[in-house]
Amino acid sequence: MDKVAVEKKWNKFWQENKVYKFDEKDVDNKYYVLEMFSYPSGAKLHVGHWYNYGLSDSFARYQIMKGKNVFQPMGFDAFGLPAENYAIKTGIHPQDSTLHNIEVMEQQLRNIGAIFDWDHEIKTCLPDYYKWTQWIFCELYKHGLAYRKKAPVNWCPSCNTVLANEQVVDGHCERCDSQVIKKDLTQWFFKITAYADELLSGLDKIDWPEKTKAMQRNWIGKSTGGEITFDLADGSGSFNVFTTRADTLFGCTYVVLAPEHPLVGKITTEEQLAAVQNYCDEVAKTDEIERLSTAKDKTGVFTGAYAINPINGCKVEVWIGDYVLASYGTGAVMGVPSHDARDYKFAVKHGLGINRVIKAASPDVDDSLPYCEYGVMVNSGEFDGMSTEQGRVAVVEKLAAIGKGKLTTNYRLRDWLVSRQRYWGAPIPVIHCPHCGEVLDENLPVMLPYDVEFKPDGTSPLAKHEKFIHDVVCPKCGAKATRDPDTLDTFVCSSWYYLRYVDPKNAEKPFDTELVDKMLPVDKYVGGAEHACMHLLYARFITKALRDMGYLHFDEPFKSLVHQGVILGPDGNRMSKSHGNVVSPDEFVSAYGADVFRCYLAFGFKYTEGGPWNDDGIKAINKWLDRAERYVLAAYGDYASCDEYGVDEKELNRVRHNTIKSVDNDYNEFSFNTAVARMMELVNAMSKYDNKTVKNAKLYRETADDLLKVLCPLAPHFTEELWQQTGHNGSIVVSEFPTYDEKALKTSEIEMLVQFNSRPKTRIMVDTSLTVAQIEKLVLSDVKVQELLGGASVKKVIVIPNRLINIIL
RNA sequence: GCCGAUGUGGCGAAAUAGGCAGACGCAAGGGACUUAAAAUCCCUCGGUGGCAACACCGUGCCGGUUCGAGUCCGGCCAUCGGCACCA
């Protein structure tokens, strides 16, 4: 078969006849398969795209054959930095390059032969989409979940924009790898922290890889403890510290405030003023990465002020130190050098007191200082003898009774910084009025102007567009006002696209609530693991926020998630231009066809693992499909036919049904490699059967039909062609997936292994209807076994039905 | 440091529930057909020893539980991913 030519034919046929169109009237039987949409870069589809989209499509096709009404949309995450950077380099406008790239990619995606529903396509850079992205911003704002504040933020000097916490990797920009610096800027945030607890607990309800859930848990970083109030010794005020180890409070010999703590300026004494100011200046100059380095010395300065430890009334020194972060907890900690490694280092360096208040619970545990494990309280007055678990609550409760403490929870998760000083994104729909302050512009969309000077200089490109910025009046008071010059992080666009897919042409609303409630959540979401703490977290947040506003009525957007593995270059490195190891699917697809390529990706890797690319086996897959074709056609060819149903027939039938059973299960689990292995076994069995001179045509042909059907999701064009050539009506791609016959899997006799003391010795044929006791009797009376035993006495016989018999001597 | 994975032939990888390790392939070697090549078909293919039947060893390392461990338990080592002065 000329696979390439055949693929063109069927691809056209399916699309023209809308063979596997999602039936909008049968929503109750829907199955929503979604792959993370792609960024329309100038480069062609690479092997990774095929791996993700091609095999997810096989899963979707399998669901169709299992009778599901499958919805599998595709679109483009079209805003973003790369197009803008490309524009800066080449002068080609981002809109032009993006729309062109999308056209090219659409064609390439069609060539995979996937069932994408193009009527539901989304391009996030078009006004009819970003209008609703802006609408979401407005809704969040109205519900107090979007706000603007001045804060130290991550700034990428190369991309000339701020970044979200999630986009900073090891202190470097996720995109361009430049070192990120801290800047104090006024920026827009989404209050994702309001959902911290639900984002955490919701993880228990969803079928996601444990690894990914663990990463989100980690990222959210819940920690329970208490806030404890220290009064200043001179009575001029107080401050709180956060601790998870209130049981160590009696060991507190000093307290440390973050250098940015608002109290620092007020409490510093005359003598210490110069030192403190000097220290704060130094800290401000050091960049975040250096400051957060664990290896760094625990520097700090005494403020000259004293505070009172509320549990025992002891007077302790108040220091400042940059190991205390202003942005976590209360920006102040109690110093307990005896039971905290950092405090210990700090105390030793600055000559502060060390006072042990926890003993190891069991005497054989290393009890040296600092002792940071849980243990038993000592030197702690009435609390002596209490365990850490009890004490960390009891101490706070005692303080709460006198208004000096309360139990609290802290999260590592920070609010999501969404404004970007870049051009190619959705404009933030806010107008700044000299009288009313910030006012939402609900006259959407706020159009992104085309004629913009987007060369980066650290200010937003839109800020330099006179008309965009100034040609506006305040919606409230009508005064001359200005627009917000920033655009939204592209992760905002992608945080709700799975909702728009089901209702992409709705001009009245972002989506119809009733429809979305029926179509969501996504039943199977497939995409890379690298989005664990970004897109996958943001999407969950937006879903929950929209739910609380009443726009939808479910809690989680993605019921079940699968991460495909990464296909590396042949050298084992991540594919990249700089490594020069990028493998293009094109030459393989044009030589062997899309089905062969897809089957090869299916067979060559464990789906969730991926691995280095190697094209040695692709020829073998091509040969295998040729082999399958030969025997399918042979089954439908001329030969001496009979109704016989002997040993050979039973064996062929057994392999046939075993293949159906296994492959059915394998598709469900994205275990494409083993599915192909089982199908290869079936082809081998057919080849063996074909050697018979007289064959049972009914069985042979049914087997051929079943082979085509189980193979169909992985090789749709190939099987469709053979389906037609063997005289079937209708399209195989929408036929029913075969069911297996349990009876066919069972044979009347089975060969069992005989072991002596767990050592394999011989084999014996056993009737499968025998009981364990009968098998035991049979094996002991077997001539061969008798001979091997040579009269030795048998202590015990262990029979594992259908597998082995272990004789203990 | 903490969290999560992973570790099996020359290679990609299999192994529902503790039961014949290496399914299914690739590569390699041998053979049939062929004037020859391609294609196709058949055989061998974890290691060591042996003519052989067979024996011993073998799933990162060391122990344990069990009639029986790739799988369970304890302790290590290595690689990869994530988090990290988070109080």
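Throughout, protein chains are lettered first and strands after them, A, B, ... in sequence-line order, and every chain is numbered starting at 1.
- For B:rA23 and B:rG70, the C1' atoms lie 15 Å apart once the distance is rounded to whole Å.
- Among the heavy atoms of the strands lying under 4.0 Å from A:Lys761 are primed sugar atoms or P, OP1, OP2 only; no base atom is included.
- Nearest nucleotide to the A:Thr243 side chain, out of B:rA87, B:rA14, B:rC20: B:rA87.
- With ring centers used as reference points, A:Phe346 lies under 6.0 Å from A:Trp319.
- Rounding to whole angstrom units, NZ of residue A:Lys623 and P of B:rA27 are separated by 7 Å.
- Counted within 6.0 Å of NZ on A:Lys746, heavy atoms from surrounding residues, nucleotides or ligands total 12 or fewer; the atom is thus considered open.
- The partner of B:rU6 is B:rA78, by the rule that a Watson-Crick or G-U pair needs both atom distances under 3.5 Å.
- Among the nucleotides B:rA87, B:rA23, B:rC83, the one closest to the side chain of A:Arg412 is B:rC83.
- Taking atom C1' in both B:rG60 and B:rA78, the straight-line distance is 7 Å, to the nearest Å.
- When each of B:rA14, B:rC83, B:rA87 is scored by its nearest atom to the side-chain atoms of A:Leu325, the top-ranked nucleotide is B:rA87.
- Geometrically, A:Lys222 does not engage A:Tyr411 in a cation-pi contact defined by less than 6.0 Å to the ring centre and at most 45° from the axis.
- B:rA14 is unpaired under the Watson-Crick or G-U wobble criterion, no partner having all donor-acceptor distances under 3.5 Å.
- An OP1 or OP2 oxygen of B:rA23 is reached within less than 4.0 angstrom by no side-chain nitrogen or oxygen of A:Asn684.
- With P as the reference atom, B:rC24 and B:rA69 are 25 Å apart, rounded to whole Å.
- Of the candidates B:rC20, B:rC26, B:rG19, B:rC26 carries the atom nearest the A:Asp616 side chain, counting heavy atoms from C-beta on.
- Counting non-hydrogen atoms under 4.0 angstrom, A:Ile798 reaches a base of the nucleic acid.
- Annotation: of the two residues near RNA chain B, A:Asn757 and A:Leu804, the 5′-most nearest-nucleotide partner is A:Leu804.
- Side-chain N/O atoms of A:Arg759 include none lying less than 4.0 angstrom from OP1 or OP2 on B:rG19.
- Taking the centre of each ring, A:Trp613 and A:Tyr51 stay at or above the 6.0 Å mark.
- Annotation: A:Trp416 is not in aromatic contact with A:Phe189 [ring centroid separation under 6.0 Å not met].
- A heavy-atom distance below 4.5 Å is not found between the side chains of A:His563 and A:Thr608.
- B:rG74 and B:rG25: their C1' atoms are spaced 38 Å apart (whole Å).
- Applying the 3.5 Å distance criterion, the base of B:rC85 shares no donor-acceptor pair with the side chain of A:Lys345.
- Base pairing annotation: B:rU71 forms no Watson-Crick or G-U wobble pair, as no partner gives both donor-acceptor distances under 3.5 Å.
- When each of B:rA87, B:rA15, B:rU40 is scored by its nearest atom to the side-chain atoms of A:Thr674, the top-ranked nucleotide is B:rA15.
- As judged by a 4.0 angstrom heavy-atom cut-off over every strand, A:Phe603 is placed among the base-contacting residues.
- Put simply, the side chain of A:Arg245 and the base of B:rA87 share no donor and acceptor less than 3.5 Å apart.
- Distances shorter than 4.0 Å separate some side-chain N or O of A:Tyr631 from OP1 or OP2 on B:rC41.
- Distance CG (A:Asn614) to P (B:rA13): 10 Å, rounded to an integer number of Å.
- Judged by closest nucleotide on RNA chain B, A:Arg803 is the one of A:Lys796 and A:Arg803 placed further toward the 5' end.
- An OP1 or OP2 oxygen of B:rC41 is reached within less than 4.0 angstrom by a side-chain nitrogen or oxygen of A:Arg627.
- Residue A:Ile808 has its side chain nearest to B:rC67 when only B:rC67, B:rG25, B:rU16 are considered.
- Of the C1' atoms belonging to B:rU34 and B:rG49, the separation is 41 Å, rounded to the nearest Å.
- Sparse packing is recorded around CZ of A:Arg574, with 12 or fewer heavy atoms of other residues, nucleotides or ligands lying under 6.0 Å away.
- Checked against a 6.0 Å centroid threshold, the rings of A:Tyr607 and A:Phe605 do not count as neighbours.
- Residue A:Ser223 has a polar side-chain atom (N or O) positioned under 4.0 Å from OP1 or OP2 of B:rA87.
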Check step by step if side-chain contact (heavy atoms from CB on, under 4.5 Å) holds for A:Val336 and A:Met334.
-> CA-CA 6 Å; A:Val336 186; A:Met334 61 188 204; 3.8 Å; yes
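- Nucleic acid contact for A:Asp340: none, since no nucleic acid atom lies under 4.0 Å from a heavy atom of the residue.
- Closest approach to the A:Asn218 side chain among B:rG4, B:rC83, B:rG19 is made by B:rC83 (side chain taken as heavy atoms from C-beta onward).
- Side-chain atoms of A:Arg763 and base atoms of B:rC20 include a donor and an acceptor less than 3.5 Å apart.
- The side chain of A:Met680 approaches B:rC24 more closely than any other nucleotide in the set B:rC3, B:rC24, B:rC26.
- Among B:rG82, B:rC67, B:rA13, the nucleotide with an atom closest to any side-chain atom of A:Met215 is B:rG82.
- For B:rC67, the base has a donor-acceptor partner in the side chain of A:Asn806 [N/O atoms by modelled type, under 3.5 angstrom].
- To the nearest whole angstrom, the two P atoms, one in B:rG64 and one in B:rC57, are 16 Å apart.
- In the set B:rC20, B:rC85, B:rG25, B:rC85 carries the atom at the smallest distance from any side-chain atom of A:Tyr323.
- Using atom P as the reference point in both B:rC42 and B:rU6, the two lie 38 Å apart (nearest Å).
- Using a 4.0 Å heavy-atom criterion, one finds that A:Arg630 contacts the sugar-phosphate atoms exclusively.
- Contact annotation for A:Lys619: no contact, since no heavy-atom pair falls under 4.0 Å across all strands.
- Proximity of A:Asn665 to the phosphate of B:rU16: no side-chain N or O atom is located under 4.0 Å from OP1 or OP2.
- Within the 4.0 angstrom heavy-atom criterion, only backbone atoms of the sugar-phosphate kind lie near A:Gly610; the bases stay farther away.
- Nucleotide B:rC56 has B:rG47 as its partner under the Watson-Crick or G-U criteria, with both atom distances under 3.5 Å.
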